[in-house]
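Reading through the structure tokens given below for one structure.
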Amino acid sequence: MAKSTITTVSQKIALDQVRDVQVSDIVADGAGGFVRSMKFFGEPSASAGPALVLEVLIQSEARADLDITTPALTF
């Protein structure tokens, strides 16, 4: 079965009540490229811990394309 792809040309999402943001390391995607994950967590759900609200995976053939720069640091 072929892998499906969804392509959005432009989109803006607003999240509120965000309690944590986690950015993964850049890792090989197994297909000759690289991938990085950004996870956004909201209010904790009972004793289950923070609730995952949104996960964004970014991919590129070049590792450097996935660098993230903020005003104070690069990671």
Side-chain angles (χ1 to χ4, degrees):
M1 177 179 282
K3 190 175 188 180
S4 297
T5 301
I6 297 173
T7 303
T8 301
V9 176
S10 179
Q11 187 170 24
K12 182 177 182 177
I13 298 173
L15 299 175
D16 61 7
Q17 305 300 318
V18 172
R19 297 295 176 250
D20 188 28
V21 177
Q22 297 176 4
V23 179
S24 74
D25 290 331
I26 300 169
V27 296
D29 66 5
F34 298 91
V35 65
R36 169 173 252 169
S37 169
M38 292 173 279
K39 294 180 181 179
F40 300 85
F41 294 88
E43 288 291 329
S45 167
S47 62
L52 180 62
V53 176
L54 175 69
E55 181 175 10
V56 177
L57 297 174
I58 55 176
Q59 285 184 290
S60 180
E61 292 180 4
R63 181 183 188 93
D65 291 344
L66 302 182
D67 286 345
I68 297 174
T69 303
T70 66
L73 52 109
T74 300
F75 59 96

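No continuous path of hydrophobic side-chain contacts links Val21 to Leu52 [ILVMFWY only; heavy atoms under 4.5 Å]. Following chains of ILVMFWY side-chain contacts shorter than 4.5 Å, one can reach Ile58 starting from Val23, so the two form part of one hydrophobic cluster. There is a path of hydrophobic side-chain contacts, each under 4.5 Å, that joins Leu54 to Ile68.
Here the closest heavy-atom approach between residue Ser60 and residue Asp65 is recorded as OG-OD2, 2.8 Å. Heavy-atom minimum distance, Glu55 versus Ser37: OE2-OG, 2.8 Å. Residue Asp29 comes nearest to Gln59 through the heavy atom pair OD2-NE2, 3.3 Å, listed as atom of the first residue, atom of the second, then distance. The two residues Phe34 and Ile26 make their nearest non-hydrogen contact at CB-CG2, 3.7 Å.
Remark: Val27 engages Val35 in a side chain to side chain contact (heavy atoms under 4.5 Å, CB included) (not counting sequence neighbours).
Atom CD in Glu61 sits 11.0 Å away from atom CG in Leu66 (nearest 0.5 Å). For the atom pair CZ (Phe40) and CZ (Arg19), the distance works out to 14.5 Å, reported to the nearest 0.5 Å.
The shortest distance between side-chain heavy atoms of Val53 and Gln17 does not fall below 4.5 Å.
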